[in-house]
Amino acid sequence: MENRQAKKDKRSRMIGRVFVLMTVIVFFLGVTLLAYEPVKESMRAQKTQTIVEKIEAGQPSVRVRTDEFAIEGESARLEEAANEREDSADEEATLPQELELNALGLIVIDAIDLKLPLFDDAGIVPLRYGAGVLEGSARPGENGAVVVLGHRMRQYGHMFNRLDELTEGDCVEIVTTNNDVY
């Protein structure tokens, strides 16, 4: 009888341990899933700040990995772009492993503490790190309209998500790599 009771107790302890282990695994998995996006966004913001510092130091070109810091919805845009190309019948939407981004300068809006790289391209990868000038529009300093594209990120204070706070008279500057200010 005691043997049978000892086996039941051992089995109960084993089930309890498995339950505790599963609870711990589920807890850490949940924490990881909740922390993933904020951590990724923070790393992307740090990369953007590094790019700003390089532009300010006179280095307007920077190489970035194209598989870093993807923004929600980009994969659909890549597929759409591939479908628009005539030669894409059997071709998947792909990007090279690395891409060189060329900055025209910085967008500076002191009223909302914004300083972003302004790239010569408004493609998917440049817009992860800053703003881009739309192909076919004027460049800063040229005659015509400069069309600037950028993301409004979820996290407060990132990219263009504070534009709604601007009021009439707030200064929006484009500081080129030649230190011309528009």
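Contact of the Leu118 side chain with the Ile174 side chain is registered, since non-hydrogen atoms from C-beta on lie closer than 4.5 Å. Annotation: side chain of Arg152 is in contact with side chain of Asp164 (closest heavy-atom distance under 4.5 Å). Using a 4.5 Å heavy-atom cutoff, the side chains of Leu99 and Arg65 are not in contact. Thr176 places none of its side-chain heavy atoms less than 4.5 Å from the side chain of Leu104. Taking 4.5 Å as the limit, every side-chain heavy atom of Phe160 sits out of range of all side-chain heavy atoms of His151. With a 4.5 Å cut-off on side-chain heavy atoms, Ser42 and Val39 do not count as touching.
Not a single donor-acceptor pair under 3.5 Å links the side chain of Arg44 to the backbone N or O of Glu68. Using modelled atom types, one side-chain atom of Thr66 and one backbone atom of Pro96 make a donor-acceptor pair closer than 3.5 Å. Looking only at distances, a side-chain donor or acceptor of Asp121 sits under 3.5 Å from a matching main-chain atom of Gly123. Arg162 places a side-chain N or O within donor-acceptor distance of the main-chain N or O of Ile112, the cut-off being under 3.5 Å.
Grouping the Ile, Leu, Val, Met, Phe, Trp and Tyr side chains by contacts below 4.5 angstrom, directly or via other members, places Leu127 apart from Leu101. Placement of Leu149 and Ile109 in two distinct hydrophobic clusters is found when ILVMFWY residues are connected by side-chain heavy-atom separations under 4.5 Å, directly or transitively. A single hydrophobic cluster is seen to contain both Val146 and Leu166, as judged by linkage of ILVMFWY side chains at heavy-atom distances under 4.5 Å, directly or through other members. Residues Val108 and Val181 fall within the same hydrophobic cluster, defined by Ile, Leu, Val, Met, Phe, Trp and Tyr side chains chained together at heavy-atom separations under 4.5 Å. One hydrophobic cluster, built from ILVMFWY side chains closer than 4.5 Å, cannot hold both Leu29 and Val26; they sit in different ones.
Taking 4.0 Å as the cut-off between side-chain N and carboxylate O, Glu142 and Arg139 do not count as a salt-bridged pair.
Dense packing is recorded around CZ of Arg63, with more than 12 heavy atoms of other residues, nucleotides or ligands lying under 6.0 Å away.
In plain terms, the two heavy atoms of Ala145 and Ser137 that are nearest each other are O-CB, 3.5 Å. Across all their heavy atoms, Thr48 and Tyr129 have their closest contact at CG2-O, 3.0 Å. Here the shortest heavy-atom pairing between Leu116 and Met159 reads CD2-SD, 3.8 Å.
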*List the steps and the verdict of side chain to side chain contact (heavy atoms under 4.5 Å, CB included) for Glu173 and Tyr182.*
CA-CA 6 Å; Glu173 295 180 332; Tyr182 299 97; over 6 Å; no
Using atom types as modelled, flag every donor-acceptor pair under 3.5 Å from a side chain in residues 50-62 to any protein atom, sequence neighbours excluded.
from  : atom 1 : to     : atom 2 : distance (Å)
Thr50 : OG1    : Gln46  : O      : 3.0
Glu53 : OE2    : Gln49  : NE2    : 3.2
Glu56 : OE2    : Lys115 : NZ     : 2.7
Ser61 : OG     : Glu100 : OE2    : 3.4
Ser61 : OG     : Asn102 : OD1    : 2.6

